Amino acid sequence: MPLTEAAIAADPERGQDYLWTLNFGPQHPATHTTLRLVLKLDGERVVDAVPDIGYLHSGFEKIGEHLDYNQYVTVTDRMNYISPMANNVAWHHAVEKLIGVEPTPRCQYIRVIVSELARISDHLLSCGAIGLDVGAFTFFLYGFYQREQIYDIFEALCGARFTNSYTRVGGVLHDMTPLVIEKIRYPLNRKRQQIALQSGWIVRARAFQGRR
Amino acid sequence: MAVSSVASAIQAKIPVASSDEFRGQLRVVVPAESLESALRMVKDELGFDLLVDITCVDYLHYRGARDRFGLVYLLANTSNNQRVTLRVMLNEPNLTVPTAVPLWEGANWLEREVWDMFGIQFEGHPDLRRILLPDEFDSHPLRKDYPLQGQGERHNFPVLTREEA
């Protein structure tokens with residue numbers, strides 16, 4: 001399907017007046033990130049769509065050619081900015097498999113704990129964003145409040161809230177302190193109750209029940 | 001089925017240049033001319049039904065490497081959870097391989113990415129355009145001889161003025 005103006009002019013379907021070519025994106029609230037679609041419309045029906053995904057290309061592989069294994073962890077944060085901890089762990093897990101290193105059991109436990117915290121915060125945001133798309137803004141904000149508490153844990157753990165860069169080859173940046181352990185225990189006890197309350201807002205909401 | 005038995009099953013069916021095991025993962029190098037039949041065989045007869053990824057490695061300046069490019073197919077068998085890495089070694093100027101789109105629809109975008117980044121041509125691909133970079137871009141940036149700072153593409157980009165817009 002044509003993407004440039006010259007190609008659109010030479011398109012054999014151009015004479016068919018009922019077909020519209022519509023450019024959608026690359027920055028549109030409904031696409032969430034920078035996705036561009038060239039749509040072909042028959043009335044309100046989408047007949048054809050050509051996606052153009054290059055607007056978020058960052059050249060991470062090329063950057064990686066010039067960094068060592070510990071430096072590159074900062075890039076893995078940016079690849080998955082919703083749950084960067086889990087991506088740090090995945091990156092160094094791959095590196096350790098490649099060079100044949102097994103981290104200590106304590107390190108493995110710490111990595112599992114931070115990955116699980118990252119998973120919880122990831123799900124809070126992704127479910128919140130689903131709510132946001134159907135207009136449930138309160139649900140999103142309450143989910144983000146829960147997420148903030150997990151950011152606080154990460155801040156106490158490694159000094160960074162968002163782009164953590166916590167793992168290293170064969171280990172992690174800092175050991176867990178008693179403060180971190182206390183910070184993990186306190187919100188976790190309340191989270192299950194809070195998540196049950198919040199899921200009720202969505203599961204029993206008209207916008208979702210009507211779409212079942 | 002152990003990794004070694006998968007290796008011998010592949011070797012019995014297709015010509016294999018070399019095969020080895022690294023950290024429990026099987027790597028098979030096939031000659032370029034038998035790539036299409038090799039992919040078809042591992043899919044239809046050995047049950048590697050999932051194409052995980054197609055990617056490429058540039059071995060320029062790599063210690064002990066004899067070939068320039070290694071085109072890598074990562075395949076998985078979804079019924080018994082096995083994985084295999086098929087690799088084809090390519091050298092300039094013969095950077096053309098047959099497409100895998102008839103076997104896996106998902107190969108479409110993966111091959112477009114390899115074309116965009118490494119300049120490997122896929123013969124028979126339905127829509128081999130650049131997937132990430134703009135069409136005006138004339139080099140393949142993940143090749144090792146492409147500089148990290150680029151070749152001035154960003155600075156020489158045509159500026160659209162208000163009169164032209």
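Below, chains carry the letters A, B, ... as their sequence lines are ordered, and counting in each starts from 1. If you're wondering where the values come from, they're calculated on a predicted model, not measured in any experiment.
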Review point. Between E61(A) and chain B, which part of the residue has a heavy atom less than 4.5 Å away: side chain, backbone, both or neither?
Key: both
Between [atom1] of [X] and [atom2] of [Y], what distance do you get to the nearest 0.5 Å?
X      : Y       : atom1 : atom2 : value
H57(A) : R130(B) : NE2   : CZ    : 11.0 Å
K62(A) : R143(B) : NZ    : CZ    : 10.5 Å
I63(A) : L148(B) : CD1   : CG    : 7.0 Å

More than 12 heavy atoms of other residues, nucleotides or ligands under 6.0 Å from [atom1] of [X]: yes or no?
X       : atom1 : result
F22(B)  : CZ    : yes
D145(B) : CG    : yes
E105(B) : CD    : no
H66(A)  : NE2   : yes
K97(A)  : NZ    : no
H125(B) : NE2   : yes
Y69(A)  : OH    : no
F60(A)  : CZ    : yes

Check your understanding: In terms of heavy-atom proximity below 4.5 Å to chain A, should Q149(B) be classed as side chain, backbone, both, or neither?
Key ->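 Answer is neither: Q149(B) stays 4.5 Å or more from chain A.
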Review point. With only heavy atoms counted, which part of I131(B) is less than 4.5 Å from chain A, the side chain, the backbone, both or neither?
Key: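 Answer is both: backbone and side chain atoms of I131(B) are under 4.5 Å from chain A.
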**Study point:** chain A contact residues among residues 69-79 of chain B, heavy-atom distance under 4.5 Å
**Key:** none
Practice item. Can you see which heavy atom on L142(B) is nearest to which on E65(A), and at what distance? Key: O-OE2, 3.7 Å
Check your understanding: Using a heavy-atom distance cut-off of less than 4.5 Å, which residues of residues 98-126 of chain A contact chain B?
Key ->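 Result: L98(A), I99(A), G100(A).
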